[in-house]
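Every chain is numbered from 1 and lettered A, B, ... according to where its sequence line falls, protein lines coming before strand lines.
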Amino acid sequence: MEKPFYITTAIDYTNAPPHIGHAYEKILGDVMARDRRARGREVVYLIGVDQHGQKVQQSAARAGVRPEVFAQDVTAKFLDLWKRLDIAYDRWAETTAPQHTECVRAILNQLHQKGKIYKARHGGYYSVRQEQFLTEKDRGADGSFSPDWGEVVFLEEENYYFRLTEFKDWLVGFLEAHRESVLPAFRWTELRNAVERLTGDLCISRPKSRLAWGIELPFDPEFVTYVWFDALINYISFAGYTSHPVDFERLWPADYQVIGKDILAPAHGIYWLIMLRALDFPDERMPRLLVHGYINLRGDKISKSAGNTVDPAELVGKYGAEALRYYLMREAVTGQDMEFSEDRLVARHNSDLANGLGNLLNRTLGMAKRYRQGVLKKPADSPLAAPAAEAVSRHRAAFDRCEPHAALEAAAAFVAHCNGFIEESAPWKLAKDPAQAERLDAVSMAWPNRSASSPRSMRPRSHRLRSRSVSN
RNA sequence: GCCAGAGUAGCUCAGUGGCAGAGCAGGGGACUCAUAAGCCCUUGGUCGGGGGUUCAAAUCCCUCCUCUGGCACCA
C-alpha cells in the first residue's frame with residue numbers, strides 16, 4: 001500500500017495574530033495537498049500552532065491574562081483564518097495538547113537516558129527587563145549594555161543541553177548525500193554553509209523561575225522545555241510517534257515540510273534533523289524541507305497607510321478566498337520573495353478567473369443550452385483532448401517540482417486554448433445553418449471528458465465561477 | 001565583512017552558449033455564443049554598470065552597484 005502523502009507547515013507562534021505570510025504558507029501546503037488528493041493519493045496535511053514559550057508568556061502578561069488563555073485566544077484567530085481561506089487540513093497541532101506534551105516528555109526521557117542531554121552551568125549577562133541573556137552583540141562600544149535593556153546582571157544558571165555537535169559530521173554527510181532534502185537548491189547551499197559553522201550544543205531548558213509557560217522536563221521539575229525543542233516535535237507527535245506507532249510507521253517521513261526561509265537554519269535544517277537522528281531515525285526517514293520566501297509589503301500603498309500590515313482575513317472579505325489563493329499561488333515563485341500588490345490581485349482575478357475561465361464556462365454552458373437544449377452527443381474523439389492532456393501533464397510535472405505557479409500557468413494556457421477553439425469553430429454560425437448540425441454536435445462536445453479535464457485541485461468552486469470582475 | 005538569492009518590456013516574471021520571450025497593462029482590428037468578456041494584430045527592452053572568454057553571451061569568467069535573507073562584526 002502506497003505511503004500517504006504527508007505534508008506539514010510550520011506551526012504558527014501564538015504571540016500575535018496571523019498575517020499574509022502565515023496565509024501564504026498554509027495555502028501553499030494546502031494546494032500541494034489538494035494536488036496529490038486530486039491524483040488519487042491519500043494525503044495527510046498537518047498544520048497547527050505553537051503555544052508555549054517566553055514571548056507568549058510576555059504577551060499574555062501585557063494583556064493581563066494567563067498564558068493559556070492568551071494562546072487559546074490567538075489560536076482561535078488562526079483557526080478562523082484557515083476556515084475563511086478554505087485550508088483543507090487533515091490534522092491540527094496544538095502544542096498544549098496531551099498527545100503532544102506526552103510525546104515531548106517521552107522523547108526527552110529517551111534522549112536523556114541515551115546521554116544525549118546533559119546538565120551544565122553557564123554564566124552570562126542577563127537583562128531582567130527583557131528576561132533574556134545578552135550576548136556580545138548586545139554590548140555597546142564602551143563595553144556597557146544599552147539602557148534599553150534595563151538592569152543587567154551577571155547570572156550563573158544551570159541548564160540542560162542537547163548534544164548537537166556530536167551529530168555535526170553525520171549532518172554534513174547526510175546533506176552531501178541528499179541534495180534533494182532541501183528545496184530550492186540554493187537553500188541547500190545556505191544550510192550546508194550554516195552547518196559548517198555549528199559550534200555549540202543547544203540549550204533546551206529554561207528554569208521555571210524565569211519561564212513557567214512550557215512543558216516540564218520529565219527528569220527535572222525545576223525546568224521547562226525550550227520552545228523550539230518543544231515545537232519541532234509536533235511534526236511527529238501528531239503523526240502518532242508515541243501515541244499511534246502503526247499510524248506513524250505509515251506516515252513518516254514527511255514528503256514535504258513547508259517552512260519559511262527564516263527558520264531553515266538553524267531550527268529545521270540543524271536542530272530538527274539532528275533531533276531525529278538522535279532518536280535513531282535513519283537517513284531514509286529524514287523529511288524533505290521545502291523553503292519558501294517572504295511576502296513583502298514594501299512600496300505598497302495599502303501597507304503604508306495601514307501601518308505596514310495586510311490582514312489576510314480582510315482580503316478574503318473583500319475579494320474572496322479563491323481570488324487571494326489564486327493570486328498568491330500564481331505569482332509567487334516557490335522559494336523566492338514576492339511583492340504583495342492588491343492591484344495585482346485584482347488584475348489576476350479579473351483576467352484569469354473571471355474573464356478567462358469564468359467566461360469560458362459561461363459561454364460554453366450558454367451555447368449548450370441554447371443550441372442543443374443542454375443535451376450533447378459524445379463525439380468519437382475531441383480536438384481538445386490532446387491539449388488537455390498536455391496541460392495536465394505540465395500541471396503534474398510542475399507540482400512534482402513544487403511549482404504551483406507553473407502549474408497554474410499550464411491551466412491558464414489551456415483555458416486560453418479553449419477560448420481560441422470556440423472562436424475558430426464559431427458554433428453561433430453553425431447553429432444558423434441546419435446543414436452544419438453534425439459539425440455543431442462535434443464542436444459542442446469537444447470539451448474533454450472528466451478524466452482528461454483540468455485538475456480539480458486548482459479549479460475554483462462553482463459559486464466563484466459566476467463572480468464578475470471586481471475592482472478595488 | 002562572509003555565504004547565498006534577486007536585478008530582463010510600464011507591472012509580474014520565464015529564458016543558463018545560437019535571431020531577447022509570456023501574461024497583464026497600452027494601441028489597432030474583425031466578430032457577436034458569452035460576465036463591456038473572448039479572438040486576431042500590435043507599440044514597448046543599453047537583459048543593473050563596466051571589463052573579459054567565444055564565431056556567438058541575458059546565459060560562462062572578473063569587477064562594481066542596488067535590494068533581500070542568513071551568519072559574523074560593530075554599535
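Each of A:G366 and A:E423 has a nearest nucleotide on RNA chain B; the 5'-most of these lies closest to A:G366. With RNA chain B read from its 5' end, the first of the two nearest nucleotides for A:H405 and A:E409 is the one closest to A:H405.
Of the P atoms belonging to B:U59 and B:U8, the separation is 14 Å, rounded to the nearest Å. Comparing the P positions of B:G49 and B:A9 gives a spacing of 11 Å, expressed to the nearest Å. A gap of 27 Å separates the C1' atoms of B:A14 and B:G70, to the nearest Å. Taking atom P in both B:U46 and B:A58, the straight-line distance is 14 Å, to the nearest Å. Comparing the same atom, P, in B:A56 and in B:A20 gives a spacing of 14 Å after rounding to whole Å. To the nearest whole angstrom, the two C1' atoms, one in B:G7 and one in B:G50, are 16 Å apart. For the P atoms, the distance from B:U35 to B:G15 is 38 Å, rounded to whole Å. Between the C1' atoms of B:C55 and B:U63, the separation comes to 26 Å (whole Å).
Of the listed nucleotides (B:A14, B:C33, B:C39), B:C33 has the atom at the smallest distance from the side chain of A:I422. Nearest nucleotide to the side chain of A:N362, out of B:U35, B:C33, B:A14: B:U35.
Taking atom CZ of A:R401 as the reference point, atom P of B:A14 lies 12 Å away to the nearest angstrom. Atom pair A:Y294:OH and B:G70:C1' shows a separation of 10 Å (rounding to whole Å applied). If you take CG of A:N350 and P of B:A36, they are 12 Å apart, rounded to a whole angstrom. When rounded to the nearest whole Å, the span between CZ of A:R394 and P of B:A14 equals 15 Å. Atom CE in A:M367 sits roughly 14 Å away from atom P in B:G38 (whole-Å rounding). One can place CE of A:M329 at 14 Å from P of B:C13, the figure rounded to the nearest angstrom. As rounded to whole Å, 14 Å separates atom C1' of B:A36 from atom CZ of A:R363. As a whole-Å value, the separation of A:E424 CD from B:C40 P is 10 Å.
Listed by chain and residue number, nothing satisfies the salt bridge (charged side-chain N to carboxylate O under 4.0 Å, His left out) test with A:D230 (two or more places apart in sequence, or in another chain). With sequence neighbours excluded, the residues forming a salt bridge (charged side-chain N to carboxylate O under 4.0 Å, His left out) with A:E158 are A:K119, listed by chain and number. Judged as a side chain to side chain donor-acceptor pair (under 3.5 Å), and not counting sequence neighbours, A:R36 has no contacts. Scanning for side-chain contact (heavy atoms from CB on, under 4.5 Å) contacts around A:V224 gives A:R206, A:K208, A:L211, with sequence neighbours left out. Remark: A:Y235 pairs with A:H268 by the side chain to side chain donor-acceptor pair (under 3.5 Å) rule, at least two apart or across chains. The side chain to side chain donor-acceptor pair (under 3.5 Å) check on A:S237 picks up A:H100, with sequence neighbours excluded. Taking the salt bridge (charged side-chain N to carboxylate O under 4.0 Å, His left out) definition, one finds that A:D255 meets it with A:K3, A:R41, sequence neighbours left out. Partners of A:R277 according to the side chain to side chain donor-acceptor pair (under 3.5 Å) rule, which considers only residues two or more places apart in sequence or in another chain, do not exist here.
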| field | Dot-bracket encoding per residue of RNA chain B, Watson-Crick/G-U cut-off under 3.5 Å, | denoting interstrand | value | ((((((((.[[[[.)..(..]]]].((((.........)))).....[[[[[..)....]]]]])))))))....
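Using a cut-off of 4.0 Å between Lys/Arg side-chain N and Asp/Glu carboxylate O, A:E314 and A:K318 are scored as not salt-bridged. Ion pair A:E190/A:K261 not flagged as a salt bridge, since none of the NZ, NE, NH1 or NH2 atoms sits closer than 4.0 Å to an Asp/Glu carboxylate oxygen. Electrostatic pairing of A:D12 and A:K26 counts as a salt bridge here, judged by a charged N lying under 4.0 Å from a carboxylate O.
The neighbour count for A:K168 NZ, taken as heavy atoms of other residues, nucleotides or ligands under 6.0 Å away, is above 12.
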What does the list of N/O pairs under 3.5 Å between the protein and nucleotides 23-26 of chain B look like, with a distance for each?
none

N/O-N/O pairs, protein side and nucleotides 2-9 of chain B side, under 3.5 Å:
unit_1	atom_1	unit_2	atom_2	d
B:C3	O2'	A:N193	ND2	2.2
B:G5	O2'	A:Q336	OE1	3.4

Taking distance alone, no hydrogens or angles, what donor-acceptor pairs closer than 3.5 Å link side-chain atoms of residues 403-417 of chain A to residues at least two apart or in another chain?
unit_1	atom_1	unit_2	atom_2	d
A:E403	OE1	A:R401	NE	3.1
A:E403	OE1	A:R401	NH2	3.0

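The residue A:N419 sits close only to the backbone: its heavy atoms come under 4.0 Å of sugar-phosphate atoms, none of a base.
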